[in-house]
There are 2 protein chains.
Amino acid sequence: MSSPGKRTTELETKDLLLEVAIDLFATKGYAATSIRDIANGMGMSISNIYHYYGNKEGILLAIFEQSAVRLYEDLERVAELDMDPAERLGLLVKTNLTHTGRFRNEARIYTIEREQYPPEAQERVKRLQRQILDMYVGQLRAIAAQGLLVHGDITVLAFNILGVVNWPLRWFREDGPLAFDQVVEEIAGFVLRACLRPEAVPESYSAII
Amino acid sequence: MSSPGKRTTELETKDLLLEVAIDLFATKGYAATSIRDIANGMGMSISNIYHYYGNKEGILLAIFEQSAVRLYEDLERVAELDMDPAERLGLLVKTNLTHTGRFRNEARIYTIEREQYPPEAQERVKRLQRQILDMYVGQLRAIAAQGLLVHGDITVLAFNILGVVNWPLRWFREDGPLAFDQVVEEIAGFVLRACLRPEAVPESYSAII
DNA sequence: TGCTATATCGAACGATTGATATATCACGAG
DNA sequence: CTCGTGATATATCAATCGTTCGATATAGCA
């Protein structure tokens, strides 16, 4: 750490705080979670929260920044791969799903409806959500350039993809009967079949055997 | 009205109250909306809310019951129509979309994540959501019986449909560039292409033209 | 004309909220 | 060993929360 005087636990406390907040925000919701809930959850007093993050909104922003940016960068890396556009779209969907599967609670937070963010945060949230949508639009355009895309509005297609990809946050249970990996495969197939002309759907996604 | 003593306005007040609450819950969220916000929005005192609905949760329950049941019944009517299963699934999707388009604010409320409902309400919410999912599963089964369904887990397919169908609640703007009717058509096509073997997709949905 | 039920009100309750101000603690630099 | 600084705790704030209260006004019934 750069500055002196740390009690050796700054990072741990700061991160523990985020961890607890992520958990509570994701389950109870941001508005229904109190500063005291968080302090309680980490077994410390509320002072730390104000010491490290300024105010309640600061926690939310930190969570959003940390995890939404990470998602965006993960996706961007895939989006720029030099490969067949259809396969790349499938990989993008799977990457997105894997990400939200691994960081489930964080994902539930950055997919909160924008209106429920504090007004000051909304612009930032909107921009990042827009960037992710645009990434899907870009992938679809590459496919369209090959004449392999179904007809229809590309933006609607992209929104539909986001819908299917984010919905498992609402229903998938780790302890349920389905394996997450299998769900990822099936959703990727669902997306490709819906977006591509039938003859362009890679065999591994067509789910027709 | 059955009982005496009404000041001629009970129905109007009771409904106005729900209307205001629906609007506020849908935009600010349930937890972030105070009883006083609602009273303020209808230009009356807090007492009426408790007079008519007992407590804050009572309002939420009344909204849920009124609108979620209406959606379910609308869908059930379509699900029981005697017609080609593929066409019927398309019609079901369009009915669902039209419903959430017309009752947008209500729909945003009954699609709130279940955990954010008061504990006493969760069981009721869960049951109705399950019933709607099962309706889609039933439609998919009918298609599978004809050998026209893609391979894969039917439940995952049904969840995917719900994802695509409910997502417009998050992004569609009445004053945006897209006409809602067109979006409805495109989403129905998206769903059918993703669920049916290519040769089974009705021409009107195939969007290949 | 009373009697009762409904509709509405304003004021108040105790609890909890986000936030702050002040204090104590631990430790590294000198 | 002292001193300062960052980490944590305690005490407290005004505001707002959901809820309850007693009161009043109005309507139909006897």
Side-chain angles (χ1 to χ4, degrees), chain A residues 1-22 24-25 27-64 109 112 116-121, chain B residues 1-22 24-25 27-64 109 112 116-121:
Chain A
M1 330 287 111
S2 50
S3 41
K6 303 286 159 62
R7 209 177 323 166
T8 76
T9 51
E10 180 188 347
L11 261 186
E12 290 131 34
T13 299
K14 217 175 161 181
D15 287 356
L16 171 64
L17 205 159
L18 273 203
E19 204 175 289
V20 172
I22 286 170
L24 289 172
F25 287 170
T27 52
K28 304 183 47 171
Y30 174 72
T33 301
S34 76
I35 296 275
R36 285 167 179 81
D37 286 338
I38 301 171
N40 218 331
M42 57 187 301
M44 304 185 94
S45 82
I46 63 174
S47 318
N48 300 317
I49 295 172
Y50 290 96
H51 181 61
Y52 288 115
Y53 295 101
N55 55 29
K56 189 184 178 185
E57 186 184 333
I59 313 173
L60 184 62
L61 261 291
I63 294 171
F64 180 85
I109 292 173
I112 289 175
Q116 308 204 20
Y117 272 88
E120 301 86 350
Chain B
M1 291 128 252
S2 50
S3 41
K6 304 286 159 60
R7 214 176 323 169
T8 76
T9 49
E10 180 189 344
L11 261 185
E12 291 131 36
T13 297
K14 216 174 162 182
D15 288 356
L16 171 65
L17 205 158
L18 274 202
E19 205 176 288
V20 172
I22 286 170
L24 289 172
F25 287 170
T27 52
K28 304 182 47 171
Y30 174 71
T33 301
S34 77
I35 295 276
R36 285 169 180 80
D37 287 336
I38 301 172
N40 219 332
M42 57 187 300
M44 303 185 92
S45 90
I46 299 176
S47 316
N48 294 310
I49 295 172
Y50 290 91
H51 180 60
Y52 288 114
Y53 294 100
N55 56 29
K56 191 184 181 187
E57 186 185 332
I59 313 172
L60 184 61
L61 261 292
I63 294 171
F64 180 84
I109 293 173
I112 290 175
Q116 309 204 21
Y117 273 88
E120 300 87 348

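Protein chains get the first letters and strands the later ones, always in sequence-line order, with residue 1 at the start of each. Just so it is clear, the structure is predicted and the values come from calculations on it, not from any experiment.
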remark   = Minimal heavy-atom distance between B:Ala32 and B:Asp37, with the atoms involved, is O-OD2, 3.9 Å

Shortest non-hydrogen contact from B:Gln116 toward A:Thr27 = CG-O, 4.2 Å

query = Atom CG of A:Asn40 and atom P of C:dT17: how far apart are they, to the nearest Å?
reply = 10 Å

message = In whole Å, I'd like the distance from the CG atom of A:Asp37 to the C1' atom of C:dG18.
response = 12 Å

query = Expressed in angstrom and rounded to an integer, what is the separation of B:Asn55 atom CG from D:dT19 atom P?
reply = 5 Å

ask   = So do the side chains of B:Ile109 and B:Phe64 get within less than 4.5 Å of each other, counting heavy atoms only?
value = no

ask   = Below 4.0 angstrom from OP1 or OP2 of D:dA7, is there any side-chain N or O of A:Thr13?
value = no

task = In whole angstrom, give the distance that lies between atom CD1 of B:Ile46 and atom C1' of D:dG22.
result = 16 Å

request  = Examine distances only and state if a side-chain atom of B:Lys56 and a backbone atom of B:Tyr30 form a donor-acceptor pair shorter than 3.5 Å.
outcome  = yes

Out of C:dC9, D:dG6, D:dT19, whichever nucleotide has its closest atom nearest the side chain of B:Tyr50 = D:dT19

note = Assign each of A:Ser47 and A:Ala32 the nucleotide of DNA chain C bearing its closest heavy atom; nearer the 5' end lies the nucleotide of A:Ala32

task = Find the distance B:Leu17:CG to C:dA7:P and express it as a whole number of Å.
result = 12 Å

inquiry  = With a 4.0 Å cutoff (strictly under), does any side-chain N or O of B:Ser34 reach OP1 or OP2 of D:dC17?
reply    = yes

query = Can you check the B:Met44 CE to C:dT6 P distance for me, whole Å?
reply = 17 Å

request  = Figure out the CG/P separation between B:Leu24 and D:dC17, and round it to whole Å.
outcome  = 12 Å

task = Send over the distance from B:Ile49 CD1 to C:dT6 P, rounded to a whole Å.
result = 19 Å

message = Strictly below 4.0 Å: does B:Tyr52 bring a side-chain N or O up to OP1 or OP2 of C:dT6?
response = no

inquiry  = Within the 4.0 Å heavy-atom criterion, would you say B:Ser45 contacts the bases, only the backbone, or no part of the nucleic acid?
reply    = base

query = Which listed nucleotide (C:dC9, C:dA19, D:dC17) is nearest to the side chain of A:Lys56?
reply = C:dA19

task = Could you pick out which residue, A:Asn48 or A:Arg36, lies toward the 5' side of DNA chain D when each is mapped onto its nearest nucleotide?
result = A:Asn48

inquiry  = Using the rule given for side-chain contact (heavy atoms from CB on, under 4.5 Å), can you reason through B:Asn40 versus B:Arg36, listing the C-alpha separation, both sets of side-chain angles and the distance that settles it, and then say yes or no?
reply    = CA-CA 6 Å; B:Asn40 219 332; B:Arg36 285 169 180 80; 5.8 Å; no

